[in-house]
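Got a structure for you, written out below as structure tokens; questions coming shortly.
Since the model is a prediction, treat every value here as computed from it, not as a measurement.
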Amino acid sequence: MTLLTGLAYPLLITGIAQTVFPDKANGSLIGQDGKFVGSRLIGQNFSKPGYFWGRPSATSPRPYNAEASSGSNLGPTNPQLIDNVKERIAQLKKADPDNNLPVPVDLVTSSGSGLDPHISKASALYQIKRVARARHMTEEEVSDLVTKYTIPMRFHFFGEEKVNVLELNLALDKMEANNTYNKGV
């Protein structure tokens, strides 16, 4: 029984996964220049003005720590959560003081896992001016890239449109490296 359930079955399932779903079976890793730079499934901490910022992470001892996946467990009336949200709004306003759009909730609250790699399309649209200004691109160029990397709602009515932050930021870096944008602004 040990050989059957401890060896044969795991090897069979691993073989099927590697054959049928190799990308997913290997962690949905994203490579660039022959190196792995991240996973489509785990967020990363971006804080420079020229990058799109993801959802805040509540993991410790560092943000987006996959070994310590957890939410903050702070309820909506908890003073610490309220202070955290106010602080994040202040950071967003400081980074882009001319932005008068309403701040999307997913830019100021962490997800249940603390590892969410996506932001809503509204959160990406909120950040376009800051990213375009920092990269010396036009807002239209950045907006077009956001549109290109927007993942539609499932079956066109479940959930909301979202954007994978790592993939979008890597596309920005690639555009800059290839000088495929206008250097407008």
Side-chain angles (χ1 to χ4, degrees), residues 30 37-154 158-173 175-176 181 184-185:
I30 298 174
V37 295
S39 170
R40 285 178 183 82
L41 305 175
I42 297 175
Q44 292 190 16
N45 192 23
F46 291 97
S47 59
K48 292 182 180 175
Y51 287 105
F52 284 88
W53 300 344
R55 283 191 85 158
S57 175
T59 63
S60 64
R62 63 188 186 286
Y64 305 102
N65 179 4
E67 296 173 341
S69 173
S70 67
S72 67
N73 293 329
L74 301 176
T77 60
N78 187 302
Q80 181 63 48
L81 176 65
I82 294 167
D83 290 345
N84 290 349
V85 169
K86 287 178 181 178
E87 181 182 323
R88 291 172 186 147
I89 290 172
Q91 289 171 347
L92 289 167
K93 294 294 185 184
K94 182 179 178 186
D96 194 4
D98 298 330
N99 192 337
N100 295 320
L101 295 171
V103 177
V105 71
D106 59 319
L107 282 181
V108 295
T109 58
S110 60
S111 66
S113 69
L115 302 174
D116 198 346
H118 300 97
I119 54 174
S120 65
K121 185 173 183 181
S123 290
L125 295 175
Y126 179 86
Q127 300 181 71
I128 285 175
K129 287 182 183 184
R130 173 182 45 81
V131 172
R133 187 173 48 251
R135 293 208 178 233
H136 306 290
M137 297 171 71
T138 66
E139 289 179 29
E140 183 180 347
E141 290 166 329
V142 178
S143 180
D144 289 346
L145 201 59
V146 167
T147 300
K148 180 179 178 182
Y149 281 87
T150 297
I151 302 164
M153 294 182 287
R154 191 170 298 235
F158 282 128
E160 64 180 333
E161 294 180 309
K162 59 187 176 183
V163 179
N164 186 293
V165 177
L166 175 60
E167 289 178 329
L168 180 59
N169 285 334
L170 288 174
L172 279 167
D173 286 346
M175 280 180 72
E176 189 172 44
Y181 62 90
V185 187

Does Val142 reach the side chain of Gln127, with side-chain heavy atoms less than 4.5 Å apart?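 No, side chains not in contact.
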Give a yes or no on whether the backbone of Ser69 and the side-chain of Thr59 come within a donor-acceptor separation of less than 3.5 Å. no
Just wondering, are more than 12 heavy atoms of other shown residues or ligands nearer than 6.0 Å to NZ in Lys93?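 Atom NZ in Lys93 is packed in, count exceeds 12.
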Determine the sole option in Lys121, Glu160, His118 for which the side chain to side chain contact (heavy atoms under 4.5 Å, CB included) test with Ile151 is passed. His118
How long is the gap from CG on Asp144 to CE on Met137, to the nearest 0.5 Å? 9.0 Å
Which pair of non-hydrogen atoms, one from Ser39 and one from Ile30, has the smallest distance, and what is that distance? C-CD1, 4.3 Å
Smallest separation among heavy atoms of Val165 and Phe52, with atom names: CG1-O, 3.4 Å
Could you check whether any side-chain N or O of Trp53 sits under 3.5 Å from a backbone N or O of Ala124, counting only pairs where one atom can act as donor and the other as acceptor?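 No, because the side chain of Trp53 does not come within donor-acceptor range (under 3.5 Å) of the backbone of Ala124.
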Would you find a donor on one side and an acceptor on the other, under 3.5 Å apart, between the side chain of Ser57 and the backbone of Pro63? no
How many angstroms lie between atom CG of Asn99 and atom CZ of Arg130, to the nearest 0.5 angstrom?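 Asn99 atom CG to Arg130 atom CZ measures 9.0 Å (nearest 0.5 Å).
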For the residue pair Arg55 / Ser110, report whether a side-chain donor-acceptor contact shorter than 3.5 Å exists.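 Side-chain D/A pair, Ser110 to Arg55: absent.
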Separation between OG1 of Thr147 and CG of Leu125, rounded to the nearest 0.5 Å: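 Reported to 0.5 Å precision, the distance equals 7.0 Å.
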So does Val37 get a backbone contact from the side chain of Gln44, meaning a donor-acceptor N/O pair under 3.5 Å? yes
Starting at CG of Asp96, measure out to CD1 of Ile128 and round the result to the nearest 0.5 Å. 11.0 Å
